[in-house]
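To start, the structure under review is shown below, and the notes come after it.
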Amino acid sequence: MELNLTRSQKEIQKAATTFAKGEFDKDLALNLDKKGRFPEEIWKKAAELGLVGIHIDGDKELSLVDSVIVAQSLCAVDSGIGSSILSTTSGAELLFMDGDENFRSKYLVPLLTGDKVCSFAYLESEKNLQSTNTRAYLQDGVVTLSGSKLYVVNAEIADYFIILCLISLKEEPSENLSLIVVDKNTDGINIRPLGEKLGFRMNPVANVDFSEAKIPAANILTFNCESKLKKYLAIDHILKASVAIGIAKGAFLRALEYTKLRKQFGTAIAGFQVTKHKIADMDTQIQTANLLTFQAAQNIENGNYDDLPSAQALLTASKAAVYVCDEAVQLMGGYGYMAEYDVERFYRDAKALEITYPSCSALKDIIANKVIGKIK
Amino acid sequence: MELNLTRSQKEIQKAATTFAKGEFDKDLALNLDKKGRFPEEIWKKAAELGLVGIHIDGDKELSLVDSVIVAQSLCAVDSGIGSSILSTTSGAELLFMDGDENFRSKYLVPLLTGDKVCSFAYLESEKNLQSTNTRAYLQDGVVTLSGSKLYVVNAEIADYFIILCLISLKEEPSENLSLIVVDKNTDGINIRPLGEKLGFRMNPVANVDFSEAKIPAANILTFNCESKLKKYLAIDHILKASVAIGIAKGAFLRALEYTKLRKQFGTAIAGFQVTKHKIADMDTQIQTANLLTFQAAQNIENGNYDDLPSAQALLTASKAAVYVCDEAVQLMGGYGYMAEYDVERFYRDAKALEITYPSCSALKDIIANKVIGKIK
Amino acid sequence: MEILKFSEEHLAFEKRLEAFIDFEVIPNIQKWEKDKIVPKSVWRQLGENGFLCPNLPKKYGGTGGDFLHSVLVAKQLARSNFNGLATFIHSDIVVPYIEAYGTEKQLNKYLPGCVTGDIITAVGMTEPDSGSDLASMNTTAVEDGDSFVINGTKTFISNGVNCDLVVLAAINPEGDNPHKAVSLFLVEDGTKGFTKGKPLEKMGWKSQDTAELFFSDCRIPKENLLGSQGNGFKMLMAKLQQERLICSVSAMYFCENMLKWTVEYLKNKGALNSQVARFALSEMGTEITVGNVYMEKLVEEHMKKESIIVETSMGKYFTTDLVKRISLRCLELIGDFGSLEECPVARTFRDSRITSIFAGTNEIMKEIIAKFSYS
Amino acid sequence: MEILKFSEEHLAFEKRLEAFIDFEVIPNIQKWEKDKIVPKSVWRQLGENGFLCPNLPKKYGGTGGDFLHSVLVAKQLARSNFNGLATFIHSDIVVPYIEAYGTEKQLNKYLPGCVTGDIITAVGMTEPDSGSDLASMNTTAVEDGDSFVINGTKTFISNGVNCDLVVLAAINPEGDNPHKAVSLFLVEDGTKGFTKGKPLEKMGWKSQDTAELFFSDCRIPKENLLGSQGNGFKMLMAKLQQERLICSVSAMYFCENMLKWTVEYLKNKGALNSQVARFALSEMGTEITVGNVYMEKLVEEHMKKESIIVETSMGKYFTTDLVKRISLRCLELIGDFGSLEECPVARTFRDSRITSIFAGTNEIMKEIIAKFSYS
């Protein structure tokens, strides 16, 4: 499927791929995955090149397609390093959408320059975002925050958190779902690492407790954030879909190369009809997910934040990634199971992406609610 | 997924849907399906409205997206009547691409005005088009044609055939895969109907034998047609994909309506989580196939006849149609199995589309050959 | 890998049945499918030969066979690739209600006719607005002197046109708990106020007369109550194991037939050199072999009178889903020829699609499995 | 729905094994997984307790048990959710070659040690450039006086680091027909010219020492030929039924464990009120129940010494595909917690992914099924 990329998009694609191929050392990747370490140096280099948060870098419009391209390109070369780089700006769109110049210079720009890592802490239940119990009250210019967040990616390496919480004002009982930026060195934060991961092992994950943490009121990013959050999630779904597609492409290209070289009973595996049909299915799924994702990203660039296309893109892409990686492992046989041949790692990353929030089930809820509408 | 249709495309969509809703009588459709009769009257009305062969109607460029829209719209209202109307121009693109003014006025225009039906006879083996054995030789301005064609749709109602055959010139041994137009009333044609069909029952199918049929040399449409044929197939795949999507949409909307109205254990079926997730999957598959098909059609409008996108679109769309119709039947329970509720017929049509040439297997061969390329 | 052991007597029974199917059934299928009904005379022929209700005791005119006879009937009817003579609805689903819950008088009055084919039975359970949800039943039975007066409509009733006797579920409109207000009644054809609709047009089972039944002030004597009053729900539930099991048995034999036919077709076309076709056949063959072993195990346990509600629900879901998938996949392998009604798998595809819907949809099966296993 | 009947003795054996696993294995799994190997001492402990080669006759030091003992070992090891102690490779795959084809001298020399755990065995078949295609083997064995001289590399060898004895397949480079040029040899650890690689880094089976084996002018005495010369291909084939069967047995027990764990997890989270979760569990439960019956039937037939090559190939494909799909689906139901190594299903997912690749890929299974059934 030909996507009609603009000249500038093609250049970004080329730059990202060239960078990744040059910098993403295979042995390093294996080692980082094994040890669960974040690829700090490469991330900083990517930021220097402008590849970090490329969709929010620059002027006032979101160039989401650029980030789709970067995510796919980096993850296709290495799913672990690629997704790690992308993870450092998790939640940054919320700063972009809502932040004044203060947030911009203090929190957003350092992400883009590779000086800071942001971590968006939102989950309290695996099922949905509707069950926020982290509470804060604002009094005398200070917000006091208490509660627990689950599965916070990059909690240990982040410089600050964006927290989804309920904020109440002094002597006013109503609570408002809001966003607040909390510096890592604030007192009252306890990070409980969740140990080794199945996939995306270069990004440690932890539960984070807040116990009467005091934060300046100026750090309230958005008061009443429901609609912003929904917009953010649409963006986030597209970026996750892009990571999934990158993973799928990376595993696919490795398996394709293998089947063209590896001979069995005197024939290259790629010459067997069953292999050919698998390759056709794998490619079709990748192209399909790709097209959905570009279309959804384009929608958002055009200012349409409808959450249906992004949910369908992520659902399709994450299923495609698991399917393609699984078949890649099988096509490569015993080699597919060996760390050295990469695809088992891509497979674990794909599976981790698929099962972590938002799960396929949550995405289907979004889609169904939109499609079914009201029932009489 | 929002497809950004132009104003004129939206008008075509509206016109086709309005026409279908007004003219496609439900009882008539049930009866035609049961008896295996072609909806002649409705077809003529559709032609009057310009809905027949809309992509070749008009000037010199193919407006394929228009036909995608018409096919989807008509088939969503009724898969049998809709696809019957579309089938009357089978092969007409070959006339359009290659025909001089003579072919145009004598053969092409009457299709568009609803005065003639064309039938493209190409298949001799179910597997591929490479095994053409129908042979003709040209001598003294007359072509003599012999051979047999299988599964010729509309053979009985067609006014003329476009035949794929090998033509040799007098005293020259080489044979050229070519196209020739043969009037139905030519001597030496024997049509052997294949009886009742599983799906698309309004379009009778037959094997057609040619026994020294004499045709004027002027009726040779294309001498050496390989590349034209490939282009034609790309178009044909997209139109078939559009029919599949229309079928899927039609079944989906019926099932969706049913689940919103039908109550079980006091709750509308659409309120059950399993139903909701099915609806999400069904909608996602339809949107996905739709996007692939529009993209592939757009490619061709832009002059890029690459056969990969059209094969991927048809593969995805025909699978989606079978899946969606199957789930629609299940969602509607016993009613889904009854002729009166339409979806069983849509299901049969979807299945027939999927298994007749080009089969999924043939499409995967096309895709794989393109993706794998040469093996060292 | 067989589990079931058939005796000489069983095999002789099967052989007779096989011949009957070859000579009396297969040549007529096309006509019956067009007619949308199988003549009642065929039922009587079946009865004469001992093929109906093959496990009713001799004192009611039966041959005193066992459930393996029913398995063999399902097998041979599947071989005919045709569901017009779905005698298992009569023999293995409806008549067992009468046998289990009937009074001696009812047994003597009806069972002999059920064996000879003079009485064709149907069960009236489903209604237009209540499928699997029996509690929302709208057909009422009101006591009036020494009668019950029945009003309501039943739909999707197999043998609905041919039936001479209906086991009808109806609700006492004055009952508090709908689950305890349902009773079963025996309603004879010809009873005033009982009328039948025309055969419904369906995707498949073309010659099986599925129809609506209408009851309008239909008065039946009190002695036609089947079992105890208010116990209908329980009685219906108690017999579901055999109903669902026989569906599984039939589904597996249809699977085997389809695969066998498809292999032959592909072999004749020289298409077995396709690796994709070979793999597809191997995958289908595996699922069918595995499913067969499971089905035979279910039959074995059922014949030992084990309560295997969950396992049977699993079987119903697994086998009817399988028969659908096998039909879809065989058609794909067959290609263009599969799009013609001449291709037997086209009919199996149309016919088998109902099996994951009737006798409790597979969604209901999954709820049952979950209820007993995961709650 | 059980087919297999376990005696009191079997159950006592299982109980002892269960305790052993609880006390000696489960507490050490994390360490062994980090170490990428299980200490040899554990093998000896297993041997002391009669858990290795449980069906070797008493005259070779065995306990004279039957294949059901192997089934129980597979079951209990699956319960530990860990494949580092895949003793079935030793007990049910490699040692049977020796038992079946060894000379009396070889039997007496090696089997007692195999039982006690002093001799851990491995089979050297796969090579870097030949997976399922044995005919393209490159490891050579050349006769030289009273020795064979072996050269070549084997890869993906389970127990490759711990092994004390390798049943090695090598080819006579001068043989015309490669299928008749393969012989089996017994190569002891420590033989000059035989070296082992480091454990390979894998997706799963972290503590199972899978390694490369290198043979460089490795000279072994002629008496270490196993079975007759040139017969290696046939011997390897003859034992595949048991090899593939034990894979199926293990896969099914892993399936059961995963589902059980997932149900408990969801129950504790209060997530069983989700209809989608209930249906998913019912679907998985059905496949597992059906697969279990089939697996038990295979074991029964195998123990009756039936030749069930096709059915076993079907079983290998069905069960290993199932264990993968169950792991994928359970993780989906579990959600975020499944993405942590703390979740046991995460390990089962990683471990089970190899089972549709090893012991003959499922693609090979499908070719075998097709060859015997559809050609």
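The chains referred to below are lettered A, B, ... by the order of the sequence lines, with proteins before strands, and numbering in each begins at 1. Bear in mind that the values here come from a model prediction, so they are computed numbers and not experimental data.
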Heavy-atom distance under 4.5 Å to chain D: side chain of C:Glu306, backbone, both or neither?
neither
Are C:Met1 and D:Leu298 side-chain neighbours, meaning at least one heavy-atom pair lies under 4.5 Å?
yes
Please examine the side chains of C:Tyr374 and D:Leu259, heavy atoms only from C-beta on, and report whether any two atoms are closer than 4.5 Å.
yes
Under 4.5 Å from any heavy atom of chain D - which part of C:Glu296:
neither
Counting only heavy atoms not in D:Lys305, do more than 12 fall under 6.0 Å of its NZ?
no
Shorter than 4.5 Å, heavy atoms on both sides: which option in C:Gly291, C:Ala370, C:Gly315 has the most such pairs with chain D?
C:Ala370
Taking side chain as everything from C-beta outward and backbone as N, CA, C, O, which of these in D:Glu264 sits under 4.5 Å from a heavy atom of chain C? Side chain, backbone, both or neither.
neither
Are side-chain heavy atoms of C:Lys297 and D:Ile3 found at a separation under 4.5 Å?
yes
Region of D:Leu281 that comes under 4.5 Å of a non-hydrogen atom in chain C
both
Per the salt bridge (Lys or Arg N to Asp or Glu O under 4.0 Å) rule, what does the pair list look like for residues 272-291 of chain C, sequence neighbours excluded?
C:Arg278-D:Glu367, C:Glu283-C:Arg329, C:Glu283-D:Lys366, C:Glu287-C:Arg325
So which of D:Val290, D:Asn362, D:Asp321 has the biggest tally of heavy-atom pairs under 4.5 Å with chain C?
D:Val290
D:Ile308 side, atom CD1; C:Thr289 side, atom OG1 - distance, nearest 0.5 Å
12.0 Å
C:Tyr317 OH to D:Thr286 OG1 distance, which is reported to the nearest 0.5 Å
6.0 Å
Please identify, among D:Lys267, D:Met314, D:Glu301, D:Glu300, the residue contributing the most non-hydrogen atom pairs under 4.5 Å to chain C.
D:Met314
Is C:Leu266 close to chain D through its backbone or its side chain, or both, or neither, when contacts mean heavy atoms under 4.5 Å?
neither
Chain D heavy atoms under 4.5 Å from C:Val263: which part of the residue, side chain, backbone, both or neither?
side chain
